[in-house]
Amino acid sequence: MSPTVNKKGMDLVEIESSDSGIDSVDSTLQHADEEAIVKCLAQCRIPSTYGGTHRLHIYKNNIDQEEHMAIVFGDYYSTSLNLQWEGDDEIKRRMRGAMEDLPESDPTPPLVRIHSCCFTGETLGSTRCDCAEQLQEAMKIMSVQGGIIIYMKQEGRGIGLADKLLAYNLIDMGHDTLSANLALGHPADARTYNIATAILKDFNIQKVRLLTNNPHKIKSLKEEGIIVVERLAMIPSSWKEPSSWKAQDRDGYLMTKVQRMGHETSNMYTNHRLFVKSLDPDQLLGKVYLQASDIPMAGVGTTDCGFLQYANCNTAKGYTWLNGRSHAENNPDCEKNPIPTLIANADSQAQYYPCGLIANAMFSDTISDLTCIGNCRISSYQFTQTGIAWPEDNGLYAKTQWATAVSNGQPLNQTVNKFLIPPPQWRTGWPDIYGNGYTADNLPDLAKWERFQVWMRKAGLPTARKLWGRNTTEIMDAGTWQVSVTDVWDCVRFSGRKALVFAETGVLGPRNDFMSHLFFAVGAGSLLAGIFLVLLKPRTTGDLSMLSWNRNE
Ligand SMILES: Nc1nc2c(ncn2[C@@H]2O[C@H](COP(=O)(O)OP(=O)(O)OP(=O)(O)O)[C@@H](O)[C@H]2O)c(=O)[nH]1
């Protein structure tokens, strides 16, 4: 093969061999954004405790000096490995694991995980991250379903092990995993995926089902010409098991990935324990906390407003979590530059009202009633929020007593604006009402705000429906209806999804089909079992002989 100029026409890549052409690549000439050329050097069989046998492939490339790998479960074969190499003979081919007659590769898009090396997590068992459990989870799944793990030697999101240790020390000093990278002069994520893509192409794979939460990986693969037909979430076990709450470092790491690095959250966020306990029940019941510091702080198993408690950033900076990070971190207000005026002018003991993550996350979109635009009996169909909350929830909320309370002889209603601050999301979501903060007149009456009560009831399942409105008086006839939605609550930034669902009340109940079917099935099963037992061993009415004190033994 003759010398080749790379696609960008910059550097000359000397090609010596006649196959994939990277035997004598001078990697000092190469750059990460170049077209990657890869060559599989060897593969072998690895019987594994994860079940079955996979095949480990080692690659070299023209971009860096690392030995990246492909761990293959199933019928996927490397092109470069199996080509005829210069000086090839049967022994050499068998030694590197090349095959004589290549079987057909599986044509269906395989499960693929692109996994970056993490010595601390995978080898040392560090609980600062979720890397090891993600790798193990992927291997378990692929042992059953087949697939390929591209294992990239990109330690520390590409910054290397030494700098990753510096980052860890910065995290111990109060940074999070993102800001530590930035403080070291690195990007939040220094990885590129052109080598990983080239390895996939070496397996003739054009379409994948990607196991990841990282949208950056999906975007990068698409840019490199790989079609991601499906994303499968990697749910770390620490999100699922409440018992592992002690891994506080990992919790902080995962929360930063979700909140600040855009990692996708489907299937885990609303169930996460940091989220579900992020409220203060007494504040919701109207209690006046004169100082934000009076709101009870974290205790295991109890509620805690987290980093949406102190609405004054200087005060928040003075309070730290067990891991040394301040309450101002992750607070969307304190991260703004400049800090919003309302926050900057807030009293040093100002509090968010209602405090905590759940209230802040409330959808602020507006949804209109339905207007008929063709062939309907009535011109509009109206929804009300009365009666949408569970009756028992009503006792959990009351209007705050701030507007009527008196402290040191002073009525508090004059100070509402300085002490009570609407959650950040509410101020952008409802700028007309809460954009300039609270006054004694616009404080929400939580006892009457059923939509809020519905929102605050945590979802048991990962994909949740919240009842927004109902109409119990009118049947909705066939026709063409129009609804206007103002999409204010931005879920696109973390690849979330929202849907507006119109449902009817059915015989089995409208809210959760699964539960009603389950009740129905259990009821029918019990009835059949009862009939069966009666037929099998009939007993007369009032038969007490089987009671323990009447039995002979
Ligand atoms: N710089 C830095 N790197 C870290 C830290 N914790 C873990 N890592 C690295 O982060 C990378 C994790 O990569 P992946 O396993 O591919 O996971 P991911 O990018 O979170 O994406 P998915 O797991 O696919 O959702 C590895 O290279 C780890 O070494 C940290 O605190 N700082």
Side-chain angles (χ1 to χ4, degrees), residues 19-22 35-63 66-85 88 92-117 134-154 192-212 214 217-218 220-234:
D19 41 67
S20 68
I22 54 163
E35 184 187 12
I37 306 172
V38 297
K39 178 179 179 179
C40 182
L41 300 180
Q43 68 102 5
C44 76
R45 179 181 65 85
I46 307 276
S48 150
T49 49
Y50 293 106
T53 299
H54 58 253
R55 287 176 292 123
L56 177 63
H57 294 63
I58 303 295
Y59 275 84
K60 72 189 272 191
N61 70 86
N62 63 332
I63 307 278
E66 302 289 351
E67 284 185 325
H68 303 293
M69 303 174 209
I71 307 166
V72 177
F73 303 75
D75 299 330
Y76 308 101
Y77 302 99
S78 155
T79 308
S80 59
L81 179 82
N82 289 294
L83 282 175
Q84 197 64 33
W85 291 5
D88 245 358
K92 282 185 186 163
R93 285 185 69 82
R94 286 182 64 181
M95 256 170 53
R96 74 168 190 264
M99 300 169 92
E100 279 318 309
D101 298 312
L102 216 53
E104 285 279 296
S105 287
D106 189 338
T108 50
L111 265 184
V112 168
R113 166 144 185 89
I114 297 177
H115 187 90
S116 299
C117 158
Q134 288 197 316
L135 181 61
Q136 289 158 9
E137 179 77 6
M139 292 189 71
K140 274 185 217 152
I141 298 172
M142 289 187 192
S143 301
V144 179
Q145 300 185 23
I148 301 183
I149 298 174
I150 310 286
Y151 188 92
M152 300 298 295
K153 290 281 196 65
Q154 295 169 318
T192 53
Y193 295 96
N194 47 352
I195 299 173
T197 317
I199 295 177
L200 283 174
K201 289 181 180 165
D202 188 48
F203 282 96
N204 290 317
I205 289 170
Q206 309 295 338
K207 295 182 179 176
V208 298
R209 296 162 59 226
L210 199 64
L211 270 169
T212 187
N214 185 344
K217 287 184 184 172
I218 301 172
S220 303
L221 285 201
K222 283 184 184 160
E223 282 167 3
E224 298 284 335
I226 298 281
I227 300 169
V228 180
V229 292
E230 190 184 355
R231 176 189 81 90
L232 293 106
M234 290 258 37

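Heavy-atom basis, side chains included; hydrogens, waters and symmetry copies ignored. The model shown is predicted, which means the values in this text are computed figures rather than measured ones.
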Could you tell me which non-hydrogen atom of [X] sits nearest to which non-hydrogen atom of [Y], and how far apart they are?
X	Y	value
A36	A198	O-CB, 3.7 Å
L83	R93	O-NH1, 2.9 Å
N82	A98	OD1-CA, 3.3 Å
G97	L81	O-CD2, 3.6 Å
R113	T212	NH1-CA, 4.1 Å

Drop me the distance from [X]'s [atom1] to [Y]'s [atom2], to the nearest 0.5 angstrom.
X	Y	atom1	atom2	result
I114	T197	CD1	OG1	6.0 Å
Q206	I226	CD	CD1	5.5 Å
H68	I199	NE2	CD1	6.5 Å
L211	L111	CG	CG	5.0 Å
I205	T108	CD1	OG1	9.5 Å
H115	I150	NE2	CD1	12.5 Å

- Mind checking what makes side chain to side chain donor-acceptor pair (under 3.5 Å) contact with R94, not counting sequence neighbours?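 So R94 forms no side chain to side chain donor-acceptor pair (under 3.5 Å) with any residue.
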Set of side chain to side chain donor-acceptor pair (under 3.5 Å) partners for D202, sequence neighbours left out
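With sequence neighbours excluded, D202 shows a side chain to side chain donor-acceptor pair (under 3.5 Å) to Y59, S78, S80, given in chain and number order.
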Do F73 and V144 have side chains that get closer than 4.5 Å, going by heavy atoms?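 Answer no - side chains too far apart.
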- Check whether any side-chain heavy atom of H54 lies under 4.5 Å from a side-chain heavy atom of M139, and answer yes or no.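 A side-chain contact exists here, since the closest heavy-atom pair is under 4.5 Å.
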Between [X] (side chain) and [Y] (backbone), is there a donor-acceptor pair under 3.5 Å?
X	Y	result
N62	E35	yes
R55	A70	no
T192	N194	no

Which pairs, with at least one residue in residues 138-154 and sequence neighbours excluded, count as a side chain to side chain donor-acceptor pair (under 3.5 Å)?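 Every pair satisfying side chain to side chain donor-acceptor pair (under 3.5 Å) with a residue in residues 138-154: S116-Q154, E122-Y151.
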- Task: Apply ring-ring contact (aromatic ring centres under 6.0 Å, His included) to F203 and list each qualifying residue two or more places apart in sequence or on a separate chain.
- Result: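 Applying ring-ring contact (aromatic ring centres under 6.0 Å, His included) to F203 gives H57.
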- Item | By side-chain contact (heavy atoms from CB on, under 4.5 Å) - contacts of P107 (at least two apart) |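 Per chain and number, P107 pairs via side-chain contact (heavy atoms from CB on, under 4.5 Å) with no residue.
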inquiry  = N204: which residues meet the side-chain contact (heavy atoms from CB on, under 4.5 Å) condition with it, sequence neighbours left out?
reply    =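 With sequence neighbours excluded, N204 shows a side-chain contact (heavy atoms from CB on, under 4.5 Å) to T79, given in chain and number order.
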* **Basic-acidic side-chain contact under 4.0 Å: E224, K201** =>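 No, this pair does not count.
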Item to complete: Decide side-chain contact (heavy atoms from CB on, under 4.5 Å) for W85 and R96; before the verdict, give the C-alpha distance in whole Å, the side-chain angles of both, and the deciding distance to 0.1 Å.
Response: CA-CA 11 Å; W85 291 5; R96 74 168 190 264; 3.5 Å; yes
